[in-house]
Amino acid sequence: MDHETAPATPSLARPRPVERLVQGQDTSDGAGVKLTRVLTQNLQRRLDPFLMLDAFGTDNPGDYIGGFPDHPHRGFETVTYMLAGRMRHRDSAGNVGLLTPGAVQWMTAGRGVIHSEMPEQQDGRMEGFQLWLNLPARQKMTDPWYRDIRPDEVPVWRGEGVAARVIAGRSHGVDGAMQREHTEPLYLDLELAPGAVFEQPLADSHNAFVYVYRGELAVGPQPVPARRMAILANLPGSDGVRLAAAPAGARAILVAGRPLGEPIAQYGPFVMNTHGEIVQAVDDFRAGRLA
Ligand code: FE2
């Protein structure tokens with residue numbers, strides 16, 4: 001789906017400034033997959049309803065070939081977005097899917113799934129993101145659900161020097177591939193030509209960040225280089241964010257959502273509201289009740 005629209009003229013009256021830049025932590029997960037944890041556990045409260053963002057990108061098969069063998073989740077949603085490479089997904093409900101470049105997998109773990117995410121290639125580049133989106137307390141034990149979104153099912157808004165793939169939420173009149181009622185996530189993948197400017201209205205109460213994965217952009221006077229996350233300040237009365245690409249251009253994701261304001265209790269792949277619910281999740285997993 002492609003939406004051709006006239007270039008947007010600057011329209012924000014009070015764009016948000018950057019609160020701070022974050023450099024992710026290099027780590028590994030699954031069976032030795034190397035990745036950068038951009039949104040770490042200590043930022044869960046600040047970036048509520050987002051719990052985690054991993055960025056992976058490598059040409060070295062040794063960094064990804066082990067994949068993520070069978071593991072459980074409970075209490076939130078995972079959103080996997082591929083830029084390069086192919087990953088095969090299987091889960092305990094019998095679902096099987098293949099992620100290809102530009103595709104998205106949106107999985108609601110709910111009361112529990114066990115799944116694997118394995119590379120379906122022996123060499124070549126693997127690049128993408130996995131974002132964890134929290135569920136409101138009353139939906140944490142909902143039935144598991146998932147959707148594979150093909151690359152051509154992600155709507156694109158095009159402005160002057162800008163292509164915005166609207167994975168979730170709404171941008172410039174384009175409805176994204178996914179909508180969520182309680183957390184109202186916005187998830188854009190942006191390609192900005194050298195010097196291009198992109199504006200996105202945002203409610204000032206929503207938590208928001210930009211992660212630049214190629215090139216560089218600026219938010220007001222603050223440059224945001226590649227491999228940095230800019231947490232956008234929740235300035236009262238602000239009306240959005242204005243991103244201006246550096247002369248080299250930029251690729252970035254812009255993510256925003258409505259905070260849930262509920263307690264967060266995490267133990268590895270389980271994210272609930274209380275310690276007791278975590279103990280229950282571990283018990284259920286050990287007893288085979290997540291499969
Ligand atoms: Fe997983």
Side-chain angles (χ1 to χ4, degrees), residues 24-41 43-44 47 49-58 63-101 103-121 126-135 139-149 167-168 178 180 183 185 187 211 253 255 264-272 277-278 281-282 284-286 288-291:
Q25 294 176 3
D26 290 333
T27 183
S28 69
D29 207 340
V33 177
K34 287 195 178 150
L35 51 83
T36 302
R37 188 142 295 162
V38 179
L39 196 173
T40 48
Q41 207 164 347
L43 291 171
Q44 286 176 338
L47 292 175
F50 303 102
L51 299 165
M52 192 190 83
L53 175 70
D54 283 347
F56 50 96
T58 175
D63 291 344
Y64 62 74
I65 207 74
F68 301 88
D70 276 349
H71 60 278
H73 291 291
R74 172 179 279 183
F76 60 100
E77 302 189 273
T78 66
V79 183
T80 309
Y81 178 44
M82 295 297 287
L83 294 165
R86 293 153 60 87
M87 292 272 270
R88 175 72 66 182
H89 151 91
R90 292 175 203 276
D91 71 29
S92 48
N95 299 308
V96 179
L98 180 65
L99 278 160
T100 58
V104 180
Q105 188 213 55
W106 197 291
M107 183 186 80
T108 306
R111 65 181 143 71
V113 295
I114 295 171
H115 77 159
S116 62
E117 302 153 295
M118 301 298 290
E120 193 158 285
Q121 62 191 40
M126 181 73 76
E127 184 176 18
F129 299 100
Q130 187 170 86
L131 178 70
W132 287 12
L133 171 62
N134 211 353
L135 285 167
Q139 289 187 352
K140 282 186 173 290
M141 294 297 277
T142 191
D143 288 343
W145 178 88
Y146 97 112
R147 179 182 165 202
D148 278 322
I149 302 165
I167 295 167
M178 286 291 299
R180 277 287 178 263
T183 47
Y187 190 165
Y211 179 77
I253 56 172
V255 176
I264 300 168
Q266 177 174 7
Y267 178 70
F270 309 124
V271 185
M272 303 301 288
E277 290 167 346
I278 291 293
V282 173
D284 286 349
F285 173 54
R286 289 190 178 141
R289 288 190 290 264
L290 260 62

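Just follow the structure's listing: the first ligand is 1, and inside any ligand the first atom is 1.
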### Message
As a test of reading the structure, name the N/O/S atom of E117 that is nearest the Fe ion (ligand 1).
### Response
OE1
### Query
Would you say the side-chain atoms of E117 and Q105 include a donor-acceptor pair closer than 3.5 Å?
no
### Message
Quick check: of its N, O or S atoms, which one does H115 have closest to the Fe ion (ligand 1)?
### Response
NE2
### Query
What N/O/S atom of H73 gets nearest to the Fe ion (ligand 1)?
NE2
### Task
May I ask you to check whether Y64 and Q121 show a side-chain donor-acceptor distance below 3.5 Å?
yes
### Query
Is the shortest side-chain N to carboxylate O distance from E77 to R180 below 4.0 Å?
yes
### Query
Parallel, tilted or perpendicular for Y146 and H89, by the 30°/60° rule?
tilted
